[in-house]
**Q** 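Encoded as C-alpha cells, here's the structure I'll be asking about.
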2 protein chains.
Amino acid sequence: MADCATCIVRNRAICASLNPAELAALGRMGRKQKVRAGQTLLWEGDGAPVVANVLEGVLKLVVSTADGREQIVGVVFPSDFIGRPFGKESPYSVTAMTDAEVCIFNRNNFDEFAGSHPDLQQKLLRRTLDELDRARHWMMLLGRKSASEKVASFLLEMSERLEGQGCGVGLNRGAFELPFGRQQIADILGLTIETTSRQLTKMRADGVLDLPSRREIVIHDRAAMEDMAG
Amino acid sequence: MADCATCIVRNRAICASLNPAELAALGRMGRKQKVRAGQTLLWEGDGAPVVANVLEGVLKLVVSTADGREQIVGVVFPSDFIGRPFGKESPYSVTAMTDAEVCIFNRNNFDEFAGSHPDLQQKLLRRTLDELDRARHWMMLLGRKSASEKVASFLLEMSERLEGQGCGVGLNRGAFELPFGRQQIADILGLTIETTSRQLTKMRADGVLDLPSRREIVIHDRAAMEDMAG
DNA sequence: CGCACTTTTGACGAAGTTCAACGTTAGTGG
DNA sequence: CCACTAACGTTGAACTTCGTCAAAAGTGCG
C-alpha cells in the first residue's frame, strides 16, 4: 500500500484529479517499488497486468526486432504514467535508465477504478493524447531528418525537459545532464552510436555546444542549434 | 445536423457508446461534410477547432518540415476519429487521400459533451491508446528497418486493414487495392518514391507478389513476406 | 490521339553503417 | 591512494544502402 498523502508527484500525476477519499482508495491498491538502473519492469509481448506512476528516475519504452535491433519509443519521467490500461499485453518493454521508484497497480483493479472515476480517466486521456502528439512528431524525425538534424532536435527537446532539474545550483541556461549514454541516444534517434558520437563531436568543434563530461551538455548557440534541427 | 440513426459507421465509431437520446444530442452538434481527394481538412499548426468521425474514404495525417519534406504519421479509415480534443492547435495536417465524407463537430462543444459522457470518453481513450501503440510500432519501422523490411511490413499491415473491403467479389486472400500512390507509400515509410518503386519491382521479380495495376497488390508468398518484414 | 501525371529504370554520389582499433572514464579492491 | 579492469566513447577506413538527378515508359482522361 502506498502513502499518497506524502507522494512527491501527487500534484502532477494523474492522481491529482482525486479527492482525499478516492486517493486513499487508490493508495490501498498501489504499492511502491524500487527499480535499479538497467532493470526491466515490463517485457514486450508479456501479459504482465500492471500499470504504474513514476515517482523518481527515468525509464525507457523499447521495441525490439527478432534480430536484436532496438528502438526507444518513449522516455518517461517522474509523474508520468506507465503501462497499457485496457490492453492484453504490453506492446513494448519498460526498462529503468537510472535507479527509479514507481507506484505500481494491478491493471485490472486500475481499469475498474478508472472506469468509475471519469476525472481520472479524463486526465489519462489528455496524457495519452499528448504522448500521441509527441510520438507522431518523433515519427517525422525518424523518417525524414538527417543525422545532424536528429541530434540537434533531440538536444533541444531534452534541454526543455531537463533544464532546471538540478535546479538553482550553478547550472546555467542551456546546461543539463542527460540521464543516458551514447548508445541510448542512438536508440532514440534511430542512428548508430558512432554516428551519434561523430555528430556531437562535430557540434563541439563548430562551437555550438560543449561536452564537459560524458553526460553533460552545454548549448552555447541555441539559435544555430535550432537552425540545425530543421 | 447529422442523422446518426442511419449512420453507416454508427456501430463502430465512438458514438456506439451512446443511447438514442445522447446520440440525438450529439447529432445536433455535428454536420456531415464531403471532402474531395487531395483536399485538406485541417492544417498543421492551425487553431481550427474541429474534430470529426470518418464516415467514408481514407485520410492521411501529415507532419512537414519548413523545407517541404513530409512524413505521414497516420492513416485513418471509416469509423476512425480525427482531430485533437482538449488541444489548442492541430499538430498535423489532415488531408483526404480519396474522396471522403466526415461528420464534423466544433471542438469546444465536443470536449464539453465528452466531459459529461464518461462512456464516450472511455471509448476515445481506448482508441487513443490503440493509436499510440500503432504509432510506437511505426517508430521502430522508421528508425530501425531497411527499405525492404519497411515495404514488406507496410504491405502486410495494409493487407490486414484492407482485405475484404471490396469484399466477397472476386478478391482472393492476399489481394487488395491500396488507396494511395507510390509517393504516399514513400511518405509513410520514410523513403523516396524511387526506392519504394525499386523494392516493389524486386519483390515482383522474386515472385513474392504481383502488381496487376498501379494500386493493386497480390501477395503470393505471405511467409516470405513475413520473413522480409524483419 | 495527345497531354499531364505517375511510375520505372539507370548511373552516380553522399550519408550513414560496419568493422576495427584506440582513448577515456569510473568503479573496485589491494 | 593508486593500479587494474570493464564499460563507454571516439576515431578512421572501407563498404552499403539509399537518395539524387535525369530520362524513358506506362497510364488515364479529355
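First the proteins, then the strands, lettered A, B, ... as listed; each starts at 1.
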**Q** Identify the 5'-most and 3'-most nucleotides of DNA chain D with at least one atom closer than 4.0 Å to a non-hydrogen atom of chain B.
**A** D:dC18 to D:dT27
**Q** Salt bridge or not between A:Lys34 and A:Glu101? Use side-chain N to carboxylate O under 4.0 Å.
**A** yes
**Q** Find out whether A:Glu216 and A:Leu211 are in side-chain contact, i.e. whether some heavy atom of one side chain is under 4.5 Å from a heavy atom of the other.
**A** no
**Q** Roughly how many Å is it from CD in A:Glu194 to P in C:dC22, rounded to a whole number?
**A** 16 Å
**Q** Quick check: closest heavy atoms across B:Pro179 and B:Leu162, and the distance to 0.1 Å?
**A** CD-CD1, 3.7 Å
**Q** Check whether the ring centres of B:Phe81 and B:Phe105 lie less than 6.0 Å apart, and answer yes or no.
**A** no
**Q** Roughly, in whole Å, what's the span from CD in A:Gln183 to C1' in C:dT25?
**A** 18 Å
**Q** Between B:Phe154 and B:Trp138, how do the two ring planes meet: parallel, tilted or perpendicular, split at 30° and 60°?
**A** perpendicular
**Q** Can you pull every protein N or O that's under 3.5 Å from an N or O on nucleotides 11-16 of chain C?
**A**
{"from": "C:dG16", "atom 1": "OP1", "to": "A:Ala147", "atom 2": "N", "distance (Å)": "2.7"}

**Q** What is the nucleic acid contact for A:Arg214, judged by heavy atoms within less than 4.0 Å: base, sugar-phosphate only, or nothing?
**A** base
**Q** Is the number of heavy atoms from other residues, nucleotides or ligands within 6.0 Å of NE2 (B:His137) greater than 12?
**A** no
**Q** In whole Å, I'd like the distance from the CZ atom of B:Arg215 to the P atom of C:dC5.
**A** 15 Å
**Q** Below the 4.0 Å mark, does C:dT9 have OP1 or OP2 next to a side-chain nitrogen or oxygen of B:Ser197?
**A** no
**Q** Could you tell me whether the side chain of A:Asp210 and the main chain of A:Val218 form a donor-acceptor pair under 3.5 Å?
**A** no
**Q** In whole Å, I'd like the distance from the CD atom of B:Glu216 to the P atom of C:dT7.
**A** 14 Å
**Q** Can a salt bridge be assigned to the pair A:Asp80 and A:Arg127 using a cut-off of 4.0 Å between side-chain N and carboxylate O?
**A** yes
